[in-house]
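Chain naming here is simple, since letters A, B, ... match the order of the sequence lines and numbering starts at 1 in each.
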2 protein chains.
Amino acid sequence: MNETALCPRFEKAVGILSKRWVSLIVFQLLPGPRRFCGLEASLPNISGRLLSERLKELEQEGIVRREVFPETPVRIEYSLTDKGRALAPVLSEIGTWSTNWIEPE
Amino acid sequence: MNETALCPRFEKAVGILSKRWVSLIVFQLLPGPRRFCGLEASLPNISGRLLSERLKELEQEGIVRREVFPETPVRIEYSLTDKGRALAPVLSEIGTWSTNWIEPE
DNA sequence: CTGCATCCGATAAGATACTG
DNA sequence: CAGTATCTTATCGGATGCAG
């Protein structure tokens, strides 16, 4: 009755990626590990609360890894897992599309 | 001051694509034109109001075209514009990623 | 059939202040 | 620095009813 049924995995992927800030956070992590305050500064309009929440969600999805370096002061870095880095082509295609089709205001 | 500033076009693209249902609607329109009730049936959990709202937004973004065929009863079809079809690679990459990295529950 | 308007509760987001 | 707690506001989403 629904011959064009959507693949549940596709739906799940869309659910993850379509949360606000997620694509942008992953994009910022693509070049390499970042610290919390660095990310916060790169995403000018995100609140600390949201960034914290999204990072935790992405960590649970296995997309982001959180590492604590017990120096003094302690340093905490966020980086992408293999699963997270595998999103690069998706973001790349979004970039291509936006370059071709979005007016720069 | 923000040397990793994000491209505004990229941000805009993310803003469009990360709205709920948008990717799924575009995905459903990829094979060809669909009617309202057909879309509604393909997206089992969307309400008519939301579908209507998203279609209107996508029409304003120039991603979806709405055509009225003045038959009796009137027939209305939704299809993708060139801009909309250009999203195919994005969805395709999401599909690839989900196949490789999302567990089928 | 298609689609829009209104209302209302649920969620998400934002600001601010505070802790280890 | 790296968050967390709390509160307020904004937005989203669903149900229903109506109009072309």
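Atom-to-atom, CD of A/E53 to C1' of C/dT11 comes out at 10 Å; the value is rounded to the nearest Å. Atom CG of A/L50 and atom P of D/dT9 are 18 Å apart (whole Å). Atoms CG (B/L43) and P (D/dG14) sit 11 Å apart, rounded to a whole Å. If you measure from atom CZ of A/R66 to atom P of D/dT4, you get 8 Å, rounded to the nearest angstrom. For the pair A/F36 CZ and D/dG3 C1', the interatomic distance rounds to 6 Å; values are reported in whole Å. Rounded to an integer number of Å, the gap from A/L51 CG to D/dA2 P is 11 Å. The NZ atom of B/K19 sits 8 Å away from the P atom of D/dG13 (whole-angstrom rounding). Between the CG atom of B/N45 and the P atom of D/dG13 there is a distance of 12 Å, given to the nearest Å.
A salt bridge links B/E57 with B/R54: at least one charged nitrogen is closer than 4.0 Å to a carboxylate oxygen.
Under the side chain to side chain contact (heavy atoms under 4.5 Å, CB included) test applied with A/V26, the options A/V90, A/L17, A/L91 reduce to a single match, A/L91.
Among the heavy atoms of the strands lying under 4.0 Å from B/K56 are primed sugar atoms or P, OP1, OP2 only; no base atom is included. Note on B/W21: nothing from the nucleic acid sits closer than 4.0 angstrom, heavy atoms only. Within the nucleic acid shown, B/Y78 comes within 4.0 Å of sugar-phosphate atoms alone, with no base atom in reach, counting heavy atoms only. Nucleic acid contact for B/R20: sugar-phosphate only, since backbone atoms but no base atoms lie under 4.0 Å from a heavy atom of the residue.
The side chain of A/S52 contributes an N or O atom lying less than 4.0 Å from OP1 or OP2 of D/dT4. Contact annotation: A/R35 side-chain N/O to D/dA2 OP1/OP2 distance is under 4.0 Å.
Of the two residues near DNA chain D, A/V74 and B/V74, the one whose nearest nucleotide lies more 5' is A/V74. Nearer to the 5' terminus of DNA chain C, by closest-nucleotide assignment, is the contact made by B/E77 (compared with the other of A/R54 and B/E77).
Linking Ile, Leu, Val, Met, Phe, Trp and Tyr whenever their side-chain heavy atoms come within less than 4.5 Å puts A/V68 and A/V64 in one cluster.
In this structure, the side chains of B/N45 and B/W21 come closer than 4.5 Å at one or more pairs of heavy atoms.
Side chain B/R49 to base C/dA5: no donor-acceptor pair is found below 3.5 Å.
The minimum heavy-atom distance between A/R9 and B/S98, with the atom names listed, is O-CB, 3.5 Å.
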